[in-house]
Amino acid sequence: MLRSICVKINHLSFCPSSDHYHMVPGNNTQISEFILLGFSKEPELQPLIFGLFLSMYLITVFGNLLIILAIISDSHLHTPMYFFLSNLSFVDICFISTTVPKMLLNIITQTKVITYEDCLTQMYFFLLFVQLDNFLLTVMSYDRLIAICHPLHYTVIMNPVLCGLLVLISWLIGALNSLLQSLLALRLSFCTILEIPHFFCEFKEVIQLACSNTFLNNVMMYSAVGLFGGGPFTGICHSYSKIVSSIRGISSAQGKYKAFSTCASHLSVVSLFYCTGLGVYLSSAATHSSHSSATASVMYTVVTPMLNPFIYSLRNKDIKRSLRRFFGIATIKGPIVLGLRKCQLLQHSKH
């Protein structure tokens, strides 16, 4: 059922009713909320959607937290590659937390409303974290390039200062571009149809709802996609072309396998991230359906962050060893603590 919303622009208030729109005099104020249509309007499907997304959210958060804890607790993993991986896991937690909790809250409260301020905030952080994912994957490909092509100079080139700078620059570029895109969205005037056919405030969908001229927004949006999306992707392709040519120069099959295994997990994550992202935009362009675009976007907004910990834990011996050690310490500590408490109780009883 369409919710009645009044949008006041240039001293006129536009109010949608059930069959037509009214124009009444009013004061010049801003819109207050949008409607997130989500995946389905069927009430019986809402518990299923809630359970599915809650499960994926919890798996993503706990899986990436385990990767971070495993890297922090194991001194053998205090290397550039795992430093970047821990940052990627943190960004993935933030990425999924930008969209899914609000959707789950809307299902619980049986409302589809998101305020104008919350929508802009969600857009800002969504853009920030998707760019950080992109930049960190690029930095990790450069790390693998140096490790395989220049192994003797790896520790000198990938020193802690450079690693910190690469992550800091990624955050700065992502934050500045997200801020620019969000500020440009602030200048837009919106019509009475404020329904977003998505489960979050997807930037492109919000821009399409505007009544005012969106030429500048579209130019900046596609320029950012080309520069901050195409640029890193080109860098990743360049790094792996160098890596492949270097691996081909290794004479022994064992040496080739060992060199390739060091970047297999990263290559899997890169393929998953870019293929799902590209698939979303190709499917939306082919079908011209916002609902199918919302369903497809689940792949890179929810599924990809969820699968990343599994890829790195199942295909990486160092991470698997660290996780076993981490859980081993946790299970050993329990009996030790209980044993110490029993000893203390026996001593007290003797006295």
Side-chain angles (χ1 to χ4, degrees), residues 1-10 12-24 26 28-50 52-53 96 98-127 130 181-182 184-215 217-218 221 280-281 283-302:
M1 184 175 180
L2 183 64
R3 185 186 175 100
S4 179
I5 303 172
C6 293
V7 184
K8 299 178 181 178
I9 304 172
N10 296 331
L12 290 174
S13 181
F14 302 85
C15 301
S17 64
S18 59
D19 53 354
H20 63 280
Y21 298 142
H22 301 287
M23 283 196 304
V24 296
N28 185 19
T29 58
Q30 291 294 322
I31 62 171
S32 60
E33 59 191 30
F34 291 98
I35 307 297
L36 295 173
L37 296 181
F39 297 104
S40 174
K41 295 180 180 179
E42 301 296 329
E44 58 271 15
L45 290 178
Q46 298 309 307
L48 177 63
I49 294 171
F50 179 84
L52 179 63
F53 276 82
I96 195 171
T98 303
T99 56
V100 173
K102 176 59 181 174
M103 186 194 71
L104 297 176
L105 180 64
N106 282 358
I107 293 174
I108 292 173
T109 57
Q110 295 183 350
T111 179
K112 296 185 176 183
V113 171
I114 183 170
T115 65
Y116 178 73
E117 293 79 8
D118 288 347
C119 189
L120 283 177
T121 304
Q122 193 178 66
M123 282 196 302
Y124 172 82
F125 283 108
F126 179 83
L127 290 172
V130 77
Q181 301 292 341
S182 301
L184 287 173
L186 277 172
R187 57 181 281 276
L188 296 175
S189 300
F190 292 89
C191 300
T192 50
I193 302 174
L194 298 173
E195 294 180 339
I196 302 173
H198 226 291
F199 67 97
F200 67 96
C201 285
E202 205 270 338
F203 189 76
K204 188 179 177 181
E205 296 289 346
V206 174
I207 297 299
Q208 288 177 349
L209 293 178
C211 296
S212 54
N213 190 350
T214 59
F215 176 75
N217 297 81
N218 286 319
M221 178 176 65
V280 167
Y281 287 100
S283 64
S284 62
T287 60
H288 299 287
S289 170
S290 297
H291 184 267
S292 64
S293 175
T295 306
S297 67
V298 174
M299 287 301 297
Y300 79 95
T301 57
V302 181

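Below, all heavy atoms of this structure are taken into account, side chains as well, without hydrogens, waters or symmetry copies.
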**Q.** Residue E44 excluded, over 12 heavy atoms near CD under 6.0 Å
**A.**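 Yes, the 6.0 Å shell around CD holds more than 12 heavy atoms from other groups.
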Q) side-chain contact (heavy atoms from CB on, under 4.5 Å) between F34 and H198: does it pass, once the steps are laid out? A) CA-CA 11 Å; F34 291 98; H198 226 291; over 6 Å; no
Q | Pair F200-T98, side-chain contact (heavy atoms from CB on, under 4.5 Å): steps then yes or no | A | CA-CA 9 Å; F200 67 96; T98 303; over 6 Å; no
Q: Rounded to the nearest 0.5 Å, what's the gap from NZ on K102 to CD1 on I107? Could you check?
A: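 Spacing of NZ (K102) from CD1 (I107) equals 11.5 Å.
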Q.
Under the criterion side-chain contact (heavy atoms from CB on, under 4.5 Å), I'd like the reasoning laid out for F53 against I96: C-alpha separation, chi angles, the key distance, then a yes or no.
A. CA-CA 10 Å; F53 276 82; I96 195 171; over 6 Å; no
Q) Considering all heavy atoms of both residues, which atom of S297 and which atom of F199 are nearest to each other, and what is their separation? A)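 In terms of heavy atoms, the two residues are closest at OG-CE2, 3.6 Å.
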Q) What distance do E202 atom CD and L127 atom CG have between them, rounded to the nearest 0.5 Å? A)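 The CG atom of L127 is 8.5 Å from CD of E202, to the nearest 0.5 Å.
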(Q) Within the structure provided, determine whether Y116 and L186 are in side-chain contact (heavy-atom separation under 4.5 Å). (A)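 A side-chain contact under 4.5 Å exists here.
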Q.
Within this structure, what is the CD-CG distance for the pair Q181 and L184, rounded to the nearest 0.5 Å?
A.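 If I round to the nearest 0.5 Å, the distance is 6.0 Å.
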Q: Measure across F203 and A185 and return the closest heavy-atom pair with its distance rounded to 0.1 Å.
A: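 Shortest heavy-atom contact: CE1-CB, 4.5 Å.
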(Q) So, taking the atom named CD in E33 and the one named OG1 in T111, what distance separates them when rounded to the nearest 0.5 Å? (A)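 If I round to the nearest 0.5 Å, the distance is 7.5 Å.
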Q | Q122 side-chain N/O to C201 backbone N/O, donor-acceptor pair under 3.5 Å | A |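 Between the backbone of C201 and the side chain of Q122 there is a qualifying donor-acceptor contact (under 3.5 Å).
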Q | Main-chain N/O of S212 paired with S189 side-chain donor or acceptor, under 3.5 Å | A |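 Checking the backbone N and O of S212 against the side chain of S189, no donor-acceptor pair under 3.5 Å is found.
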Q: Kindly say whether L45 contributes a backbone atom to a donor-acceptor pair with the side chain of E42 at under 3.5 angstrom?
A: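 Checked: no pair found.
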Q. Got a second to check how far L194's CG is from I114's CD1, nearest 0.5 Å?
A.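 CD1 of I114 is found 12.5 Å from CG of L194.
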Q) Which pair of non-hydrogen atoms, one from K112 and one from L37, has the smallest distance, and what is that distance? A)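 It is NZ-O, 3.3 Å.
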Q: Write down the atom of R187, the atom of N217, and the distance for their closest heavy-atom approach.
A: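 Shortest heavy-atom contact: NH1-OD1, 2.8 Å.
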Q. What are the two closest heavy atoms between C119 and V206, and how far apart are they?
A.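 Taking C119 first and V206 second, the nearest heavy atoms are SG-CG2, 4.1 Å.
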Q: Please report the closest heavy-atom contact between T214 and I207, naming both atoms and the distance.
A: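 Minimum heavy-atom separation between T214 and I207: CG2-O, 3.7 Å.
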